[in-house]
Amino acid sequence: ASQILDVFKGLLTGTVENQVQTLACNELSSIGNDFVNDALVLISDRLTPYLGLVQAVDPLAAENNLQVPNGTNLLDFSDKDSMIGGWLDMALQEADTLLGTEVDDEGGPTGTGRDLGVNVFLRDFVLDDDRALVVDVANLSLENNGVLYEGHDMLTETTI
């Protein structure tokens, strides 16, 4: 008897699920469209007063308008044929080779005995023994004694 009920239960469950899904999709679709339209209108109304204040800013304006005094020679780091540009290019290639290749790292966290040079450098010279970057906030000079936000209301007091 229970096997017969299981057959009918499966048929009935599938039919009910399909009907509920169809009804829910129809209702949510109509509500969703109205909600999205209303939300976009609200956002547009809120942002419209600020749109006139946006001005396009040329990020290279300072470089493009630079007035170099006569007799002043600027360094061009992008010119690899110059002495300074060539030296900088060589230094960057060496740094890439030292930090970007795998090196021996016995006891390192990868368990393979090898790791990227930059990771070994950071563990040896920047991080502590637990591989954590420790910053003593007391030694930092922060504006407003380090308080980024302070707010009070009837229930809470928040200081970040």
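None of these values were measured; they are calculated from a predicted model.
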Item checked: Common cluster, L42/L47, ILVMFWY with side-chain heavy-atom separation under 4.5 Å -> no
Margin query: If you define the side chain from C-beta out and look only at heavy atoms, does anything of V147 sit under 4.5 Å from I160?
Written below: no
Note to self: Between L133 and V135, is there a side-chain heavy-atom distance shorter than 4.5 Å?
What the structure shows: yes
Check: Does any N or O in the side chain of T22 come within less than 3.5 Å of the main-chain N or O of N18, such that one atom is a donor and the other an acceptor?
Finding: yes
Checklist line | Criterion side-chain contact (heavy atoms from CB on, under 4.5 Å) against E63, the qualifying member of L66, L60, N65 | finding: L60
Check: To the nearest 0.5 Å, how far apart are CD in E102 and CG in L116?
Finding: 6.0 Å
Notebook entry, point to check: For S78, which residues count as a side-chain hydrogen bond (donor to acceptor under 3.5 Å, both in side chains) partner, sequence neighbours excluded?
Noted result: D76
Checklist line | Crowding at CD, E143 (>12 non-hydrogen neighbours, <6.0 Å) | finding: no
Next item on the list: Can you measure from CG (L40) to CG (D45) and round to the nearest 0.5 angstrom?
Entry: 11.0 Å
Margin query: Side chains of Y149 and T158, heavy atoms from C-beta outward: is any pair under 4.5 Å?
Written below: yes
Next item on the list: Return each pair, listed once, that meets side chain to side chain donor-acceptor pair (under 3.5 Å) where at least one residue sits in residues 120-131; pairs must be two or more places apart or across chains.
Entry: D105-R123, D115-R123
Check: Are V120 and L98 linked, directly or through other ILVMFWY residues, by side chains that come within less than 4.5 angstrom of each other?
Finding: no
Margin query: Could you check whether any side-chain N or O of T72 sits under 3.5 Å from a backbone N or O of V68, counting only pairs where one atom can act as donor and the other as acceptor?
Written below: no
Check: If you group Ile, Leu, Val, Met, Phe, Trp and Tyr by side-chain heavy-atom gaps below 4.5 Å, do V103 and L127 land in one group?
Finding: no
Next item on the list: Verify the cluster assignment for L92 and I84: are they in a single hydrophobic cluster under the rule of side-chain heavy atoms below 4.5 Å apart?
Entry: yes
Next item on the list: Group every Ile, Leu, Val, Met, Phe, Trp and Tyr by side-chain heavy-atom contacts under 4.5 Å, then state whether F77 and M83 land in the same group.
Entry: no
Notebook entry, point to check: How far does CZ of R46 sit from OG1 of T48, to the nearest 0.5 angstrom?
Noted result: 11.0 Å
Margin query: I'd like to check the salt bridge (charged side-chain N to carboxylate O under 4.0 Å, His left out) partners of D104; sequence neighbours left out, ordered by chain and number.
Written below: R114
